[in-house]
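No hydrogens, no waters, no symmetry mates; every other heavy atom, side chains included, goes into these values.
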Amino acid sequence: MLGFIGRSRADLPPTLARELERIAQAGGTPLLVACDERLIGAIELTDVVKPGIRERFDELRKMGIRTVMVTGDNPLTAAAIAAQAGVDDVIAEATPQKKLERIREEQAQGRLVAMCGDGANDAPALAQADVGVAMNEGTQAAREAANMVDLDSDPTKLLDVVRIGKELLVTRGALTTFSVANDVAKYFAILPALFASIYPQLGLLNIMHLQSPQSAILSAIVFNALIIIALIPLALRGVRAQARDAASLLRRNLLIYGLGGVVVPFIGIKAIDLLLTALHLV
């Protein structure tokens, strides 16, 4: 506007300049109004921060995800909105090139970057990001550049995307950890049963003191069939991914499914061995 009427910021009346600064500091966008090339005032445009967005960003922070607000607003307005939303960092007066450069910088440091946007100027950054989420109400260019489109046009939907992805990874990791640990434990039943007669030293591995080689092998087979059935509900339901970083989730998985995968077979195989012996089936 100032350039259109041939004026500079220094030409603003003191009262109007103070009002513009107040609007910007409050998180609004000042829009100058002129008539016959004469400034007559300003209109305040305010972005409404969605309720609960600060809490959603807190959840992302607990997952080890850093949030950055990228906007074309001036620094004062951007800082005020960022404080209301509770983001970790803010980039003001961002051009498409500036957004693209920031994403490339983060990726060069080995970080995975997710980007939410709705405008045509967001398209290059959405295409460059590892995960690009476009708003359904956004431009066609943004929707085509992104990996996925949020039909609800909610930027915090990224939290749900991250949570679902983590649940899939955690579930697969839990099942794999349990399966590997489970197989290691079963070797203490199968190896002595198969080779103890040839290599008596392997008898030391029979720490469960199973009744006979036949009982040991049958008990391991029955336990393996039962544990596969027991794991089906876990595989279908999935393991809930809590709001923690990757290291905490890994330690939790190792403790529950790694240690559990070792302990459960010892208890299960021994119990089946005692049952088969009591029923005189071996």
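The backbone N or O of G173 sits less than 3.5 Å from a side-chain atom of T177, completing a donor-acceptor pair. Judged purely by atom type and a 3.5 angstrom limit, S153 uses its side chain to pair as donor or acceptor with the backbone of N136. Here the side chain of D122 pairs a donor or acceptor atom with the backbone of D118 at under 3.5 angstrom. Between the side chain of T67 and the backbone N or O of D88 there is at least one donor-acceptor pair closer than 3.5 Å. Q128 contributes no side-chain N or O that, together with a main-chain N or O of K99, makes up a donor-acceptor pair within less than 3.5 Å. A donor-acceptor pair under 3.5 Å links the side-chain atoms of R143 to the main chain of G138, judged by distance alone. Without hydrogens or angle criteria, D130 side chain to A114 main chain gives no donor-acceptor distance under 3.5 Å. Under the 3.5 Å distance criterion, the side-chain polar atoms of T139 are matched with a main-chain donor or acceptor of A120.
Under the 4.5 Å side-chain heavy-atom criterion for grouping Ile, Leu, Val, Met, Phe, Trp and Tyr, I81 is connected to V87 within one hydrophobic cluster. Taking hydrophobic clusters as Ile, Leu, Val, Met, Phe, Trp and Tyr residues chained together by side-chain heavy-atom distances below 4.5 Å, F266 does not share a cluster with V184. No continuous path of hydrophobic side-chain contacts links I228 to I267 [ILVMFWY only; heavy atoms under 4.5 Å]. L112 and I164 are not part of a single hydrophobic cluster, where members link through side-chain heavy atoms under 4.5 Å apart.
Surrounding CD of E137 are at most 12 heavy atoms belonging to other residues, nucleotides or ligands under 6.0 Å away. The 12-atom threshold is exceeded at CZ of R54, counting heavy atoms of other residues, nucleotides or ligands nearer than 6.0 Å.
Partner of I272 under the side-chain contact (heavy atoms from CB on, under 4.5 Å) criterion, out of L276, L275, I269: L276 alone.
Distance CG/L175 to CG/L231: 6.0 Å, rounded to 0.5 Å. Once rounded to the nearest 0.5 Å, the distance linking CZ of R56 with CZ of R61 reads 13.5 Å.
Salt bridge present: E59 and R163 bring a charged side-chain N and a carboxylate O closer than 4.0 Å.
Under 3.5 Å, the side chains of E144 and Q140 contain a donor-acceptor pair of N or O atoms.
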